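The structure displayed is predicted, hence computed values, not measured ones. Below, read A as the first sequence line, B as the second, and so on, with proteins coming before strands; counting in each chain starts at 1.
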Amino acid sequence: MRLSRYPINTAKESPADAEVISHKLMLRAGLIRRLAAGIYTFLPFGLRTVRKVEAIVREEMDRAGALELLMPAVQPAELWQESGRWEQYGPELLRLKDRHERDYVIGPTHEEVVTDLARRELKSYRQLPVNFYQIQTKFRDEIRPRFGVMRGREFLMKDAYSFHADEASLAEGYAAMKAAYTRMFQRMGLNFRAVRADTGAIGGSASEEFQVLADSGEDAIAVSDADDYAANLELATTPAFDGRRAPPTQALLKVATPGTRTIAELMALLQVPAARCVKTLIVEGAAGDVVALVIRGDHELNTVKAQKLPGVATPLRMATAARVLAATGTAPGFLGPVGLNCRIVVDHAAAALADFVCGANEPDVHLTGVNWSRDLPEAQTADLRSVVDGDPSPSGKGSLTIRRGIEVGHIFQLGRKYSEALKLTVLDPAGKDLTPLMGCYGIGVTRIVAAAIEQNHDDKGIIWPEPIAPYLVLLVTLNHERSEAVRAQADRLYATFSAAGIDVLYDDRDARPGVKFADAELLGIPHCIVIGDRSLAAGKLEYRNRRTGENSEIAVDEMVAEIRRRLGR
RNA sequence: CGGGGCGUGGCGCAGUCUGGUAGCGCAUCUGGUUUGGGACCAGAGGGUCGGAGGUUCAAAUCCUCUCGCCCCGACCA
């Protein structure tokens, strides 16, 4: 494409409401334009990258044997009522009425539609397993859309749904998808991890997220430095308390700690590290009672883990101050496990402590030199906290680091949630009804574009990974208005690359060199050829590599071959 | 939904406190000079100051209501 015929300008400044680098660069480089909150137009440059991502996704899905189809964005409410999600999904589901006052939704996901399709088409176990996928526009009315297309309300998603006769087949299909996803993200040149994820309300036995590592990511993940263990912080674990702890060396002591309610205040007053203190959190129990959760002072309660504990209310609710007073006789700030008259669950790390500090269940008093067994009974232990940097990996090898990630893919073993709700059955070999198991597999196509930029940029602009670059080669002419030779040479190269099917962008604008170089860097095309009188006089052209910064002179006659060599084609 | 902030040419902002009839940079257009890292000179177009109502001789500026956007949090898979 010739830039002189492209009407979208780049910008030196980015709009004030853009926060993360990918959003700023996408606006400045003219990849997207905002239409409404979380709703964006993809301009030609942006769309080209979207299409490249789609092509890779499609190739790998097809290779894995999945079948592409295209389902409607607008879906009748009846299906959602049948699955129960009309009530469950909440305000994120965009609902609308047609002219006959019939209810519809704009699909945030397609389990209902694909299961409806399956129950109409699939009759026999012989048709299983099968995996249907599509690349299609989704709408989720996010509470807070942000970061451009990273968390938009309307976005492109690849969603796939597999149907299986038994668990073994589901596990096989799931593994095939995991392998396909791994290949896709590798091909896109992304630095990512497959991380174990909470299955949440959807349930099911396995779920992994594909997280692109980036500081701006909205998810926290724990990554092992010694093997491939990686998990969402929501469920990352570290080895449990093994029963060994240091012997007591201090006597149990009551100390006056007036007004000292926080761990930070306690550390300052008693000159003890937070890791030697415990905090006692009172949460609502499932039976109308309360449960005390004991965590080391430097650790954070993990709500996902805590609410999975038997006897704890779901969702997790902290007890009110009044409830705490009624149950313990004292107010939050001076609670401790010693002599506490309710169910106590202790985090493994807190259980491993000796000579620790805690509240005395009396106002303005704490205990020091507290030891399990000696001063209070051993209590039930559990994994209650979020792991922190440096915790040992649960695999026993290496330690964990907390990283930020952008979730670009998520694979699930769904089980029979939707096949049961929508009464999908096929006949088994004995002629009996069989309710298939399902898996679902999502990829945020437009989010990948933003995630790729988060990971591939410098202070000048985007640095596209070759496989998803909107163009592979950029031709930049310098002062072609004054040089017929420059223009002719550039035109020839443009024709050559075009004929060879190599995506080439031709900056043939009547602009000054500085403008063209700045835009070249902003747009981030991997390979740039500069055609100017100066080098042309010596029979050379200039080659610039956006990623490595390489800047070399190559003979005119060799340039095309050199580019092809670098592109491997 | 709670808290905070912001709405002034396409973009970035000043002007608001202390009312006096809208300005700067970028971008765009015209002419000229320039030409290997976002040129310079001269000129031009473009804004009912988010919207509605009110106060006032006079409102971007003060008051009321309202809409939109952004940030933090809660919520959500």
Side-chain angles (χ1 to χ4, degrees), chain A residues 7-20 23-24 27-30 33-39 43 85 88-94 108-111 138 140-148 151 153 155 157 159 197-204 207-209 211 216 218-219 232 234-235 303-304 307 314-318 407-412 414 417 440-442 444 447 459-461 476-483 486 507 509-523 528-538 540-542 544 549 551 553:
Chain A
I8 312 289
N9 288 310
T10 57
K12 282 189 221 175
E13 291 174 301
S14 46
D17 52 16
E19 248 218 315
V20 297
H23 190 196
K24 289 179 185 176
L27 289 167
R28 284 185 53 207
R33 289 290 182 259
R34 196 189 77 104
L35 179 65
I39 302 179
L43 300 174
R85 288 209 286 187
Q88 286 165 19
Y89 213 95
E92 212 174 288
L93 180 63
L94 184 65
T109 177
H110 280 67
E111 281 85 3
K138 298 281 185 281
R140 294 182 185 174
D141 200 357
E142 296 277 351
I143 263 179
R144 193 143 89 80
R146 59 184 137 181
F147 303 156
R151 181 169 292 278
R153 293 195 294 172
F155 57 98
M157 181 173 180
D159 47 326
D198 186 37
T199 50
I202 289 182
S207 169
E208 280 159 293
E209 294 165 345
Q211 297 270 359
S216 58
E218 296 184 271
D219 294 321
N232 195 298
E234 289 174 344
L235 78 167
T303 56
V304 170
Q307 72 190 10
T314 306
L316 189 77
R317 290 192 310 276
M318 300 302 291
E407 181 187 344
V408 292
H410 200 163
I411 57 179
F412 269 103
L414 274 181
K417 181 178 162 101
C440 76
Y441 319 92
R447 181 180 279 185
D459 56 342
K460 295 191 169 73
V476 172
T477 55
L478 300 183
N479 303 314
H480 61 231
E481 306 94 309
R482 289 179 296 135
S483 169
V486 165
D507 189 351
R509 295 174 299 171
D510 296 340
R512 299 170 64 83
V515 173
K516 293 188 171 194
F517 290 143
D519 277 347
E521 279 146 359
L522 178 60
L523 286 173
C528 176
I529 300 171
V530 181
I531 303 110
D533 258 335
R534 215 161 64 183
S535 48
L536 205 55
K540 304 242 167 137
L541 296 168
E542 199 171 313
R544 295 186 180 197
N551 189 338
E553 298 223 308

*Send over the distance from A:D533 CG to B:U35 P, rounded to a whole Å.*
13 Å
*Tell which nucleotide pairs with B:C40, taking only Watson-Crick or G-U wobble pairs whose two distances are both under 3.5 angstrom.*
B:G32
*State, with a plain yes or no, whether a side-chain heavy atom of A:R482 is found less than 4.5 Å away from one of A:D533.*
no
*What does A:D17 touch in the nucleic acid at a heavy-atom separation under 4.0 angstrom: a base, only the sugar-phosphate, or nothing?*
sugar-phosphate
*Considering Watson-Crick and G-U wobble pairs with both distances under 3.5 Å, what does B:A14 pair with?*
none
_Whole angstroms only, please: what is the NZ-C1' distance between A:K24 and B:G12?_
13 Å
*Establish, with yes or no, whether the OP1 or OP2 oxygen of B:A39 is under 4.0 angstrom from a side-chain nitrogen or oxygen of A:R512.*
yes
*Take the protein atom CZ of A:R146 and the nucleotide atom P of B:C70, then report the distance between them rounded to whole Å.*
11 Å
Produce the list of close N/O pairs, under 3.5 Å, pairing protein atoms with atoms of nucleotides 23-31 of chain B; give distances to one decimal.
unit_1, atom_1, unit_2, atom_2, d
B:G25, N2, A:E13, OE1, 3.3

*asked:* With salt bridge (Lys or Arg N to Asp or Glu O under 4.0 Å) as the criterion, how do A:R146 and A:E19 come out once you've worked through the C-alpha distance, each side chain's angles and the decisive distance to 0.1 Å?
replied: CA-CA 9 Å; A:R146 59 184 137 181; A:E19 248 218 315; over 6 Å; no
*Grab the CG-C1' distance between A:N232 and B:C76 for me, whole Å please.*
14 Å
*Let me know the distance between CG of A:D510 and C1' of B:A39, rounded to the nearest Å.*
15 Å
*Would you mind classifying the nucleic acid contact of A:A37 as base, sugar-phosphate or nothing, using non-hydrogen atoms under 4.0 angstrom?*
sugar-phosphate
*Taking all atoms of both residues into account, what is the closest heavy-atom pair of A:E481 and A:A511, and its distance?*
OE2-N, 4.4 Å
*B:C1 to B:G54 separation - C1' atoms, rounded to the nearest Å*: 31 Å
*Which base, if any, makes a Watson-Crick or G-U wobble pair with B:A27, both distances under 3.5 Å?*
none
*Take atom P in B:G25 and the same atom in B:U64, then report the distance between them in whole Å.*
36 Å
*Rounded to the nearest Å, what distance is computed from the CG atom of residue A:L478 to the C1' atom of nucleotide B:G38?*
14 Å
*Test item: A:I529 and A:V476 side chains (from C-beta on) under 4.5 Å apart, heavy atoms*: no
*Side-chain donor/acceptor contact of A:E142 with base of B:A77 under 3.5 Å*: no
*Can you find a heavy atom in the side chain of A:Q211 that is under 4.5 Å from one in the side chain of A:D219?*
yes
*Select from A:E407 and A:G514 the residue whose nearest nucleotide in RNA chain B is closer to the 5' end of that strand.*
A:G514
*Where do A:L316 and A:Q307 come nearest, in terms of heavy atoms and distance?*
N-OE1, 3.0 Å
*Taking the C1' atom of each, how far is B:G15 from B:G9, in whole Å?*
15 Å
*Contact class for A:G90 (heavy atom, under 4.0 Å): base, sugar-phosphate, or nothing?*
nothing
*Rounding to a whole Å, what distance do you find between A:E19:CD and B:C6:C1'?*
14 Å
*For A:S535, report the nucleic acid contact type (base, sugar-phosphate, nothing); a contact means any heavy atom under 4.0 Å.*
base
_Nucleotide opposite B:U21 in a Watson-Crick or G-U pair, distances under 3.5 Å_ = none
*Base paired to B:G47 (Watson-Crick or G-U; both N/O distances under 3.5 angstrom)*: none
*Roughly how far apart, to the nearest Å, are B:G51 and B:C67 at atom P?*
15 Å
*Between A:D159 and A:K138, is there a side-chain N and carboxylate O pair less than 4.0 Å apart?*
yes
*Per the atom types in the model, does the base of B:G37 pair as donor or acceptor with the side chain of A:E521 at under 3.5 Å?*
yes
_When both hydrogen-bonding distances must be under 3.5 Å and the geometry is Watson-Crick or G-U wobble, what is B:C6 paired with, if anything?_
B:G68
*Within the structure shown, what part of the strands sits under 4.0 Å from A:S14 by heavy-atom distance: base, sugar-phosphate, or nothing?*
sugar-phosphate
_Rounded distance in Å between the P positions of B:G19 and B:C29_ = 42 Å
*asked:* To check you understand the geometry: which heavy-atom pair defines the closest contact between A:R544 and A:N551, and what is its length?
replied: NE-ND2, 3.6 Å
*Any donor-acceptor pair under 3.5 Å joining the side chain of A:D519 to the base of B:G38?*
yes
*Partner of B:C75 by Watson-Crick or G-U wobble geometry, both contacts under 3.5 Å, or none?*
none
*Check every strand shown and say whether A:R28 touches a base, only sugar-phosphate, or nothing at a heavy-atom separation below 4.0 Å.*
base
*How is A:E234 classified with respect to the nucleic acid when contacts are heavy atoms under 4.0 Å: base, sugar-phosphate, or nothing?*
base
_Taking B:G47 as the reference, what is the distance to B:G10 when you measure between their P atoms (whole Å, please)?_
8 Å
*How many Å lie between CE on A:M157 and C1' on B:A77, as a whole number?*
10 Å
*Under 4.5 Å between any side-chain heavy atoms of A:F147 and A:S216, yes or no?*
no
*Do A:R447 and A:E407 come close enough that some side-chain heavy atom pair is under 4.5 Å?*
yes
*Toward the 5' end of RNA chain B, which comes first, A:V304 or A:R544, by nearest nucleotide?*
A:R544
